Amino acid sequence: MKQETEEQQDFVKDITKMSDDFDRWYTDVVRKAELADWSGVRGMMVVRPYGWAMWEAITRAFDDMIKESGHENWAFPLLIPQSFLTKEAEHIEGFAPEVAWVTRAGASKEELEEPLAVRPTSETIVGSLIKRYIHSHRDLPKLTNQWNSVVRWEMRSRLFLRSREFWWQEGHTFHASAKEAIEEADLILGYYRSIAEDWLAVPVLSGRKSPAETFPGAVHTLTVEGLMRDGLALQMGTSHYFGQNFARAYDISFSNKDNEKEFCYSTSWGISTRLVGALVMAHGDDSGIVVPPKVAPIQVIVVPIFRDAEGRTKVEGFIDGWARELKAAGIRHRVDWRDERPGDKYAHWELKGVPLRLNVGTRDVDAGQVELVDRLSRERRPVPVAGIAERLQKELVTFQSRLFERAHEFQRQNTFELSTLDEVVAHFKERAGFVWAPWCGDAECEARIKGEAGGVTIRTIDPDEKASGQCLVCGKPAKHRVSLAKAY
RNA sequence: CGGGCGGUAGCUUAGCUCGGCAAAGCGCCUGGUUUGGGACCAGGAGACCGCGAGUUCAAAUCUCGCCCGCCCGACCA
């Protein structure tokens, strides 16, 4: 292990070591791997093509999932009249501190009659507008989604994880019964778990949030929480059940089968570009990032190796012979013909986290093979070119599951079971990770955890609700088993 | 938003204390030699020293304001 670290150190230039300073490491790799940058406007980021391509892969996967279950994409306005925003008291109270306002417009910068909020989330505008389209139980459910960006005036920002503008999808659905809306929120949470685990190879804890952590205006909030390599938790997606709270505030009603007016039951849910940050922090190492094959813009990088023009022609002809097979097989690959030395290219593509690399030199041509190197083990394995596309497809599948397994093992090794607040406080002084503990359900006890354990919060309530023992704070009988962590 | 630190070439920084021709490494361009784990030689381009004001014969350097970033805190679902 130590040896490996020293070896890696030799490979790396320009990025802070993860073990030296995780935060700097993160910023370094996000910028050096060309994922994103700050823009010069406070808290606003520019997402570069390599980072955006990962987000696009996520959007395609999720869009397919929701279309399959009958959801439709809409586009609602960016600006929300103040009067729309303020109807649901709890909701506006929760978001008021981070809303940006448009108060002037036009050539003369005239003051607007009514200030317009730049959407921090769209429950209020969707609610205000959707009622036009809902009259009867036959119009339900109304399953809407939109892909957009929102603005939240954050005081402290971090690339991908917390920026003043971020890109996401926000789903808003309206149902004729509580049961159906609750099922909808559960369904989406399952999709989010799949995006995190099956696509990003990040194992997650999922479950309800405590009341203190529940979305403003929601009856309950569901979450998926991943563990980053510094031991901090990251919320990777949330799905909210609103009951009739929003429908009542925005008068979203329908005539039921008995011709009685009834308020809708609604949900909302979102995942964002934060997920790109999640995969960086969950899989990266001192050499750079590691991109899960399923979302990798480049899955296989080919590095040709030759000495002279003759060698180049030979290698090029050889690669042309099977590169089309990769394309036909849908493998996202690229041949790096840049005029650099092989070692430089190895380091470059490792920094960018490309899962598989093929080294192809003249002696490989003679042997009818390539040298396969994966980003996790760095072992070199000769692979015959006959049947190479199939072989690489299998390797990508294996890589994806190895990456998940590695993250899962990390999660296991950083998950603990404790029973008292003293233990929890002591634990988080020394290390991080997830800690399971029994909790009585009292908000006062929850606040004491946060206060005394240095910002540790309840991340999830165990969905199995297998509570036993006494509350870690007050000692009363526990109602819930909860996961605790420091979080981003 | 409070406290602390910083901003000099694409990147990382030196120079600032004590005002006096703006430097280095990496990267970039050209040519040559190279090429199986971050090459070497030679030449070259690239900076209103974050922005604005002030002090001064003279400001990267001193003073003030603003902008941007980093760390800590509050906030953040």
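Worth knowing before you read on, the calculation uses all heavy atoms, side chains too, and leaves out hydrogens, waters and symmetry mates. Below, read A as the first sequence line, B as the second, and so on, with proteins coming before strands; counting in each chain starts at 1. Keep in mind that this is a model prediction, so the values were computed, not measured.
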Does the Lys NZ or Arg CZ of [X] fall within the cation-pi geometry relative to [Y] - under 6.0 Å from the ring centre and within 45° of the axis?
X: A:Lys209; Y: A:Phe215; value: no
X: A:Lys87; Y: A:Phe84; value: yes
X: A:Arg152; Y: A:Trp168; value: yes
X: A:Arg375; Y: A:Phe399; value: no

- Summarise protein proximity over nucleotides 28-35 of chain B in one line of letters, 5' to 3': B for base, S for sugar-phosphate only, - for none, counting protein heavy atoms closer than 4.0 Å. S-----BB
- Note on the structure: The contact string for nucleotides 72-77 of chain B, one letter per nucleotide 5' to 3', using protein heavy atoms under 4.0 Å with B, S and - for base, sugar-phosphate only and none, comes out as BBB-BB
Given that both distances must come in under 3.5 Å, which nucleotide forms a Watson-Crick or G-U wobble pair with [N]?
N: B:rA45; answer: none
N: B:rU55; answer: none
N: B:rC66; answer: B:rG50
N: B:rG36; answer: none
N: B:rA22; answer: none
N: B:rG73; answer: B:rC1

- Task: Evaluate side chain to side chain donor-acceptor pair (under 3.5 Å) for A:Asn148 paired with A:Glu170, printing each intermediate quantity in order.
- Result: CA-CA 8 Å; A:Asn148 61 12; A:Glu170 48 175 329; 2.9 Å; yes
What's the gap between [N] and [M] when it is taken at their [atom1] atoms, as a whole Å value?
N: B:rG52; M: B:rG7; atom1: C1'; answer: 16 Å
N: B:rA24; M: B:rA47; atom1: C1'; answer: 14 Å
N: B:rA60; M: B:rG54; atom1: P; answer: 15 Å
N: B:rU61; M: B:rU55; atom1: P; answer: 15 Å
N: B:rC18; M: B:rC64; atom1: P; answer: 15 Å

- Message: Regarding B:rG38, can its base be found pairing with the side chain of A:Glu350 as donor and acceptor, where the two atoms are less than 3.5 Å apart?
- Response: no
- Task: Spell out yes or no: do the side chain of A:Asp364 and the base of B:rG36 have one donor N/O and one acceptor N/O closer than 3.5 Å?
- Result: yes
- Is the distance between the ring centroids of A:Trp269 and A:His71 under 6.0 Å? yes
- Query: Which residues satisfy the salt bridge (charged side-chain N to carboxylate O under 4.0 Å, His left out) test with A:Arg338, sequence neighbours excluded?
  - Reply: A:Asp336
- Message: Quick check on RNA chain B: between A:Val373 and A:Trp38, whose nearest nucleotide comes earlier from the 5' end?
- Response: A:Val373
Rounded to the nearest 0.5 Å, what's the gap from [atom1] on [X] to [atom2] on [Y]? Could you check?
X: A:Thr59; Y: A:Trp167; atom1: OG1; atom2: CH2; result: 14.0 Å
X: A:Glu123; Y: A:Ser128; atom1: CD; atom2: OG; result: 11.0 Å
X: A:His172; Y: A:Ser268; atom1: NE2; atom2: OG; result: 5.5 Å

- Query: Has the side chain of A:Ser39 got a donor or acceptor atom that lies under 3.5 Å from a matching backbone atom of A:Met44?
  - Reply: yes
- Ignoring hydrogens and angles, tell me if any N or O in the side chain of A:Asp286 forms a donor-acceptor pair with the backbone of A:Lys17 under 3.5 Å. no
- Can you sort out which residues in residues 428-441 of chain A have a heavy atom within less than 4.0 Å of RNA chain B? Ascending by number, please. none
- Item | Sub-4.0 Å heavy-atom contacts from residues 353-361 of chain A onto RNA chain B, ordered by number | A:Arg357, A:Asn359, A:Gly361
- Query: When all nucleic acid strands are considered with a 4.0 Å heavy-atom cut-off, which category describes A:Gly270: base, sugar-phosphate, or nothing?
  - Reply: nothing
- Message: Taking any heavy-atom pair under 4.0 Å as a contact, classify A:Thr362: base, sugar-phosphate, or nothing.
- Response: base
- Steps toward salt bridge (Lys or Arg N to Asp or Glu O under 4.0 Å) verdict (A:Arg357, A:Asp374): CA-CA 6 Å; A:Arg357 187 178 78 233; A:Asp374 71 83; over 6 Å; no
- ring-ring contact (aromatic ring centres under 6.0 Å, His included) partners of residues 433-463 of chain A, not counting sequence neighbours, each pair once: A:Trp439-A:His480
- Between A:Lys345 and A:Glu340, is there a salt bridge with N-O shorter than 4.0 Å? no
